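All residue numbers in this chain count up from 1 along the given sequence. Note that the structure is a prediction, hence the values are computed from the model and not measured.
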Amino acid sequence: MHQKNTVILGTGGTIAGQSVSASDNIGYTAAQVGAAELIAAIPALATSSHLLVEQLAQIDSKDMTFAVWVNLAERVRYFLSRDDVCGIVITHGTDTLEETAYFLQAVLNPVKPVVLTCAMRPATSLVPDGVQNIMDALTVARHTNARGVVAVCAGVVHSALDVQKVHTYQLNAFSSGDCGPVAYVEENALRTLRDWPSQHQLRTLSATDSIAVLAKALSDETWPSVEIVMSYAGANGMLVGALCKADVQGIVVAATGNGTIHQELEAALLKARSQGIEVVRASRCVNGRVLPKLGEFLTDSNGLSPVKARVELMLRLMLLPSAVQA
Ligand code: SIN
(Lines give C-alpha, C1' and ligand atoms only; values in the text may rest on other atoms or scores of the structure.)
Protein backbone atom coordinates (compact mmCIF):
# COMPACT_ATOMS: atom_id res chain seq x y z
CA MET A 1 0.00 0.00 0.00
CA HIS A 2 1.20 3.53 -0.75
CA GLN A 3 2.63 5.13 2.41
CA LYS A 4 0.78 8.22 3.48
CA ASN A 5 2.38 11.53 4.41
CA THR A 6 2.92 12.86 7.90
CA VAL A 7 2.96 16.61 8.41
CA ILE A 8 5.30 18.39 10.82
CA LEU A 9 4.27 21.89 11.83
CA GLY A 10 6.91 23.94 13.66
CA THR A 11 5.92 26.55 16.23
CA GLY A 12 9.15 27.07 18.19
CA GLY A 13 9.87 26.18 21.83
CA THR A 14 12.93 24.73 23.53
CA ILE A 15 12.92 21.90 21.01
CA ALA A 16 14.04 24.61 18.55
CA GLY A 17 16.19 26.39 21.12
CA GLN A 18 19.89 27.29 20.93
CA SER A 19 22.39 27.97 23.69
CA VAL A 20 25.94 29.27 23.40
CA SER A 21 27.37 26.29 25.24
CA ALA A 22 26.32 22.68 24.56
CA SER A 23 26.53 21.98 28.28
CA ASP A 24 24.01 24.73 29.12
CA ASN A 25 20.52 23.25 29.28
CA ILE A 26 18.78 26.27 30.77
CA GLY A 27 20.46 29.46 29.55
CA TYR A 28 19.24 29.12 25.97
CA THR A 29 16.99 31.08 23.64
CA ALA A 30 13.89 29.16 22.60
CA ALA A 31 12.56 29.10 19.03
CA GLN A 32 15.73 29.63 16.97
CA VAL A 33 16.03 26.55 14.73
CA GLY A 34 13.52 25.98 11.94
CA ALA A 35 11.49 22.77 11.84
CA ALA A 36 13.02 21.81 8.47
CA GLU A 37 16.51 22.21 9.94
CA LEU A 38 15.56 20.08 12.98
CA ILE A 39 14.29 17.32 10.71
CA ALA A 40 17.26 17.53 8.35
CA ALA A 41 19.57 16.89 11.33
CA ILE A 42 17.86 13.55 12.10
CA PRO A 43 19.47 10.95 9.79
CA ALA A 44 16.43 8.65 9.85
CA LEU A 45 14.20 11.47 8.61
CA ALA A 46 16.49 13.64 6.49
CA THR A 47 15.71 11.83 3.25
CA SER A 48 12.13 10.76 4.00
CA SER A 49 9.84 11.52 1.10
CA HIS A 50 6.71 11.15 3.21
CA LEU A 51 7.20 14.14 5.47
CA LEU A 52 5.71 17.56 4.78
CA VAL A 53 7.31 20.23 6.96
CA GLU A 54 5.90 23.70 7.48
CA GLN A 55 7.04 26.48 9.81
CA LEU A 56 3.93 27.99 11.32
CA ALA A 57 5.42 30.20 14.00
CA GLN A 58 8.73 30.60 15.79
CA ILE A 59 7.96 31.55 19.40
CA ASP A 60 8.67 30.74 23.00
CA SER A 61 5.34 29.23 23.96
CA LYS A 62 5.05 31.44 27.04
CA ASP A 63 4.27 34.12 24.44
CA MET A 64 1.56 32.08 22.70
CA THR A 65 -1.05 34.25 21.00
CA PHE A 66 -4.58 33.62 19.79
CA ALA A 67 -3.37 34.51 16.28
CA VAL A 68 -0.94 31.56 16.34
CA TRP A 69 -3.67 29.26 17.65
CA VAL A 70 -6.00 30.30 14.88
CA ASN A 71 -3.32 29.82 12.22
CA LEU A 72 -2.48 26.44 13.71
CA ALA A 73 -6.11 25.31 13.81
CA GLU A 74 -6.57 26.36 10.19
CA ARG A 75 -3.47 24.51 8.92
CA VAL A 76 -4.20 21.41 11.01
CA ARG A 77 -7.76 21.33 9.68
CA TYR A 78 -6.48 21.70 6.12
CA PHE A 79 -3.90 18.90 6.39
CA LEU A 80 -6.31 16.57 8.19
CA SER A 81 -8.76 16.95 5.32
CA ARG A 82 -6.20 15.57 2.84
CA ASP A 83 -6.50 11.87 2.03
CA ASP A 84 -2.73 11.59 1.56
CA VAL A 85 -2.07 12.70 5.18
CA CYS A 86 -2.29 10.15 8.00
CA GLY A 87 -1.40 12.40 10.94
CA ILE A 88 0.23 15.60 12.13
CA VAL A 89 3.10 16.37 14.49
CA ILE A 90 3.36 19.85 16.01
CA THR A 91 6.65 20.90 17.58
CA HIS A 92 5.81 23.24 20.46
CA GLY A 93 7.24 24.73 23.64
CA THR A 94 6.43 22.83 26.81
CA ASP A 95 5.14 25.82 28.77
CA THR A 96 1.70 26.23 27.18
CA LEU A 97 1.57 22.95 25.29
CA GLU A 98 -1.41 21.72 27.32
CA GLU A 99 -3.43 24.83 26.45
CA THR A 100 -2.75 24.49 22.71
CA ALA A 101 -3.57 20.77 22.90
CA TYR A 102 -6.86 21.49 24.63
CA PHE A 103 -7.76 24.26 22.18
CA LEU A 104 -7.08 22.10 19.11
CA GLN A 105 -8.97 19.16 20.59
CA ALA A 106 -11.98 21.35 21.40
CA VAL A 107 -12.26 23.05 18.02
CA LEU A 108 -11.24 20.17 15.73
CA ASN A 109 -12.06 16.92 17.58
CA PRO A 110 -9.99 15.14 14.94
CA VAL A 111 -10.29 11.50 13.95
CA LYS A 112 -6.69 11.35 12.77
CA PRO A 113 -3.86 11.84 15.29
CA VAL A 114 -2.55 15.34 16.00
CA VAL A 115 0.57 14.94 18.13
CA LEU A 116 2.17 17.81 20.00
CA THR A 117 5.77 17.24 20.95
CA CYS A 118 8.45 19.31 22.63
CA ALA A 119 11.73 19.17 24.49
CA MET A 120 13.11 20.21 27.83
CA ARG A 121 16.62 20.75 26.45
CA PRO A 122 17.60 22.98 23.53
CA ALA A 123 18.55 21.53 20.15
CA THR A 124 22.19 22.48 20.82
CA SER A 125 22.40 20.45 24.04
CA LEU A 126 25.09 17.80 24.44
CA VAL A 127 22.26 15.31 24.94
CA PRO A 128 19.09 16.84 23.49
CA ASP A 129 15.73 15.14 24.06
CA GLY A 130 13.94 16.69 21.08
CA VAL A 131 15.17 14.22 18.47
CA GLN A 132 13.75 11.18 20.28
CA ASN A 133 10.55 13.08 21.04
CA ILE A 134 10.08 13.87 17.33
CA MET A 135 10.72 10.23 16.41
CA ASP A 136 8.22 9.08 19.06
CA ALA A 137 5.64 11.65 17.94
CA LEU A 138 5.96 10.37 14.36
CA THR A 139 5.39 6.81 15.57
CA VAL A 140 2.13 7.95 17.16
CA ALA A 141 1.06 10.11 14.20
CA ARG A 142 1.49 7.13 11.86
CA HIS A 143 -0.19 4.57 14.10
CA THR A 144 -3.51 3.24 12.90
CA ASN A 145 -5.02 3.14 16.42
CA ALA A 146 -4.03 6.68 17.37
CA ARG A 147 -6.62 9.45 17.15
CA GLY A 148 -7.37 12.88 18.53
CA VAL A 149 -4.98 15.44 19.95
CA VAL A 150 -2.25 13.97 22.15
CA ALA A 151 1.06 15.10 23.60
CA VAL A 152 4.19 12.97 23.37
CA CYS A 153 7.14 13.67 25.64
CA ALA A 154 9.83 11.33 27.03
CA GLY A 155 8.17 8.31 25.46
CA VAL A 156 4.81 8.94 27.13
CA VAL A 157 1.56 9.64 25.26
CA HIS A 158 -0.95 11.88 27.04
CA SER A 159 -4.47 12.78 25.97
CA ALA A 160 -5.13 16.49 25.34
CA LEU A 161 -7.77 16.51 28.07
CA ASP A 162 -5.44 15.18 30.76
CA VAL A 163 -1.96 16.44 29.91
CA GLN A 164 -0.32 18.92 32.26
CA LYS A 165 3.25 20.12 32.64
CA VAL A 166 4.28 19.15 36.15
CA HIS A 167 8.04 19.55 36.23
CA THR A 168 10.27 22.55 35.59
CA TYR A 169 13.40 20.65 34.56
CA GLN A 170 13.16 16.88 34.17
CA LEU A 171 12.82 15.43 30.68
CA ASN A 172 9.63 13.59 31.62
CA ALA A 173 7.90 16.87 32.46
CA PHE A 174 4.28 15.95 31.79
CA SER A 175 1.62 13.99 33.62
CA SER A 176 -1.90 12.81 32.85
CA GLY A 177 -2.81 13.03 36.53
CA ASP A 178 -5.35 10.53 37.82
CA CYS A 179 -6.20 9.30 34.30
CA GLY A 180 -2.69 8.08 33.57
CA PRO A 181 -1.05 8.15 30.14
CA VAL A 182 -2.67 6.59 27.09
CA ALA A 183 0.44 4.76 25.91
CA TYR A 184 4.21 4.51 25.91
CA VAL A 185 6.37 4.70 22.80
CA GLU A 186 9.07 2.05 22.90
CA GLU A 187 11.51 1.54 20.01
CA ASN A 188 9.10 2.85 17.35
CA ALA A 189 6.17 0.83 18.74
CA LEU A 190 3.22 1.79 20.90
CA ARG A 191 2.41 0.03 24.15
CA THR A 192 -1.16 1.10 24.81
CA LEU A 193 -2.03 1.33 28.51
CA ARG A 194 -5.75 2.05 28.38
CA ASP A 195 -8.49 2.35 25.81
CA TRP A 196 -7.56 5.15 23.44
CA PRO A 197 -10.07 7.91 24.25
CA SER A 198 -12.81 7.88 21.60
CA GLN A 199 -13.86 10.90 19.57
CA HIS A 200 -17.02 10.92 21.64
CA GLN A 201 -15.12 10.97 24.97
CA LEU A 202 -12.79 13.68 23.72
CA ARG A 203 -15.54 15.96 22.46
CA THR A 204 -15.77 19.02 24.68
CA LEU A 205 -18.06 21.09 22.46
CA SER A 206 -20.91 19.75 20.31
CA ALA A 207 -20.03 19.28 16.63
CA THR A 208 -22.10 22.34 15.70
CA ASP A 209 -20.54 24.45 18.45
CA SER A 210 -16.97 23.55 17.53
CA ILE A 211 -17.63 24.54 13.92
CA ALA A 212 -19.19 27.82 15.08
CA VAL A 213 -16.31 28.54 17.49
CA LEU A 214 -13.69 27.85 14.86
CA ALA A 215 -15.49 30.11 12.40
CA LYS A 216 -15.52 32.87 15.05
CA ALA A 217 -11.89 32.29 15.93
CA LEU A 218 -10.91 32.42 12.27
CA SER A 219 -12.71 35.71 11.83
CA ASP A 220 -10.91 38.77 13.09
CA GLU A 221 -12.96 39.22 16.23
CA THR A 222 -11.29 39.86 19.56
CA TRP A 223 -11.39 36.81 21.78
CA PRO A 224 -13.48 37.00 24.95
CA SER A 225 -11.48 38.29 27.85
CA VAL A 226 -11.20 35.60 30.55
CA GLU A 227 -8.72 35.83 33.42
CA ILE A 228 -7.63 33.50 36.21
CA VAL A 229 -7.49 34.37 39.91
CA MET A 230 -6.25 32.11 42.67
CA SER A 231 -7.56 31.49 46.16
CA TYR A 232 -4.93 31.41 48.90
CA ALA A 233 -4.35 32.39 52.50
CA GLY A 234 -5.28 36.04 52.88
CA ALA A 235 -6.95 36.28 49.45
CA ASN A 236 -9.42 39.14 48.97
CA GLY A 237 -11.63 40.64 46.31
CA MET A 238 -9.19 43.26 45.03
CA LEU A 239 -8.21 41.53 41.78
CA VAL A 240 -11.77 40.52 40.99
CA GLY A 241 -12.87 44.13 41.54
CA ALA A 242 -10.20 45.30 39.09
CA LEU A 243 -11.26 42.66 36.54
CA CYS A 244 -14.88 43.78 36.78
CA LYS A 245 -13.79 47.36 36.13
CA ALA A 246 -11.77 46.12 33.13
CA ASP A 247 -14.95 44.54 31.70
CA VAL A 248 -13.74 40.95 31.56
CA GLN A 249 -16.33 38.48 30.36
CA GLY A 250 -15.19 35.55 32.43
CA ILE A 251 -13.15 34.65 35.50
CA VAL A 252 -11.74 31.24 36.37
CA VAL A 253 -10.89 30.78 40.00
CA ALA A 254 -8.10 28.35 40.88
CA ALA A 255 -9.69 27.27 44.13
CA THR A 256 -8.11 25.42 47.01
CA GLY A 257 -8.68 21.65 47.45
CA ASN A 258 -12.14 20.51 46.44
CA GLY A 259 -13.11 23.91 45.06
CA THR A 260 -13.11 25.93 48.27
CA ILE A 261 -12.55 29.67 48.00
CA HIS A 262 -11.51 32.27 50.57
CA GLN A 263 -14.73 33.90 51.77
CA GLU A 264 -13.66 37.41 50.73
CA LEU A 265 -12.68 36.27 47.25
CA GLU A 266 -15.87 34.22 46.97
CA ALA A 267 -18.00 37.24 47.87
CA ALA A 268 -16.28 39.24 45.12
CA LEU A 269 -16.78 36.43 42.62
CA LEU A 270 -20.47 36.13 43.44
CA LYS A 271 -20.81 39.89 42.98
CA ALA A 272 -19.00 39.64 39.64
CA ARG A 273 -21.37 36.89 38.57
CA SER A 274 -24.38 38.99 39.56
CA GLN A 275 -23.01 41.62 37.14
CA GLY A 276 -23.10 39.10 34.27
CA ILE A 277 -19.50 37.85 34.39
CA GLU A 278 -19.17 34.08 33.93
CA VAL A 279 -17.33 32.51 36.84
CA VAL A 280 -15.89 28.98 36.73
CA ARG A 281 -14.30 27.19 39.66
CA ALA A 282 -11.34 24.88 39.07
CA SER A 283 -8.95 23.45 41.64
CA ARG A 284 -5.33 24.45 42.04
CA CYS A 285 -4.63 20.80 43.00
CA VAL A 286 -2.79 18.95 40.24
CA ASN A 287 -4.73 15.73 40.74
CA GLY A 288 -8.41 15.08 41.35
CA ARG A 289 -11.38 17.15 40.28
CA VAL A 290 -13.84 19.42 42.04
CA LEU A 291 -16.70 17.29 43.32
CA PRO A 292 -19.64 19.70 43.54
CA LYS A 293 -21.58 19.70 46.80
CA LEU A 294 -25.22 20.56 47.27
CA GLY A 295 -25.92 24.26 47.66
CA GLU A 296 -22.82 25.51 45.87
CA PHE A 297 -23.26 28.48 43.62
CA LEU A 298 -20.35 28.52 41.20
CA THR A 299 -20.08 26.33 38.11
CA ASP A 300 -17.20 23.88 38.37
CA SER A 301 -14.71 23.18 35.62
CA ASN A 302 -15.65 19.53 35.13
CA GLY A 303 -12.18 18.36 36.08
CA LEU A 304 -10.31 20.85 33.89
CA SER A 305 -7.25 22.59 35.30
CA PRO A 306 -7.53 26.39 35.64
CA VAL A 307 -5.70 27.08 32.35
CA LYS A 308 -7.80 24.60 30.38
CA ALA A 309 -10.99 25.83 32.06
CA ARG A 310 -10.03 29.29 30.81
CA VAL A 311 -9.68 28.05 27.22
CA GLU A 312 -13.01 26.25 27.51
CA LEU A 313 -14.74 29.34 28.90
CA MET A 314 -13.33 31.58 26.14
CA LEU A 315 -14.62 29.15 23.51
CA ARG A 316 -18.05 28.93 25.11
CA LEU A 317 -18.26 32.72 25.39
CA MET A 318 -17.51 32.92 21.67
CA LEU A 319 -20.80 31.17 21.09
CA LEU A 320 -22.61 34.12 22.69
CA PRO A 321 -22.50 36.91 20.10
CA SER A 322 -22.85 39.61 22.74
CA ALA A 323 -19.84 38.32 24.70
CA VAL A 324 -17.30 39.09 21.99
CA GLN A 325 -16.26 42.69 21.63
CA ALA A 326 -16.06 43.92 18.05
C1 SIN B 1 8.58 27.19 25.54
O2 SIN B 1 7.60 26.79 26.14
O3 SIN B 1 8.54 27.62 24.37
C4 SIN B 1 9.92 27.24 26.22
C5 SIN B 1 10.10 26.19 27.24
C6 SIN B 1 10.10 24.81 26.68
O7 SIN B 1 9.80 24.52 25.54
O8 SIN B 1 10.43 23.90 27.50
- [ ] May I ask you to check whether N133 and T117 show a side-chain donor-acceptor distance below 3.5 Å?
- [x] no
Task: Q275 atom CD: more than 12 heavy-atom contacts under 6.0 Å - done: yes
- [ ] Please work out which of the three classes, parallel, tilted or perpendicular, describes the rings of W223 and F103, given edges at 30° and 60°.
- [x] tilted
Open item on the list: Within the supplied structure, the quantity of interest is the number of heavy atoms (other residues, nucleotides, ligands) at a distance under 6.0 Å from L52 CG; does it exceed 12?
Closed with: yes
TODO: Look only at the side chain of T11 and the backbone of T91, and say whether a donor-acceptor pair between them is shorter than 3.5 Å.
DONE: yes
Open item on the list: For the backbone of A255 and the side chain of R281, can you confirm whether one donor and one acceptor N or O come within less than 3.5 Å of each other?
Closed with: no
TODO: Please report the shortest heavy-atom distance between I228 and P306, naming the atom on each side.
DONE: CD1-O, 3.8 Å
- [ ] Look only at the side chain of R273 and the backbone of F297, and say whether a donor-acceptor pair between them is shorter than 3.5 Å.
- [x] yes
Task: Check: N258 and K293 side chains under 4.5 Å, non-hydrogen atoms - done: yes
TODO: Check whether any side-chain heavy atom of I90 sits under 4.5 Å from a side-chain heavy atom of L104, and report yes or no.
DONE: yes
Open item on the list: Do D84 and K4 make a side-chain contact, defined as non-hydrogen atoms from C-beta onward lying under 4.5 Å apart?
Closed with: no
Task: Student check: side-chain heavy atoms of R82 and Y78 closer than 4.5 Å - done: yes
Open item on the list: Is it the case that over 12 heavy atoms from other parts of the model lie below 6.0 angstrom from the CD atom of Q199?
Closed with: yes
TODO: Evaluate the ring planes of F174 and H158, with Trp represented by its six-membered ring, and classify them as parallel (under 30°), tilted (30 to 60°) or perpendicular (over 60°).
DONE: tilted
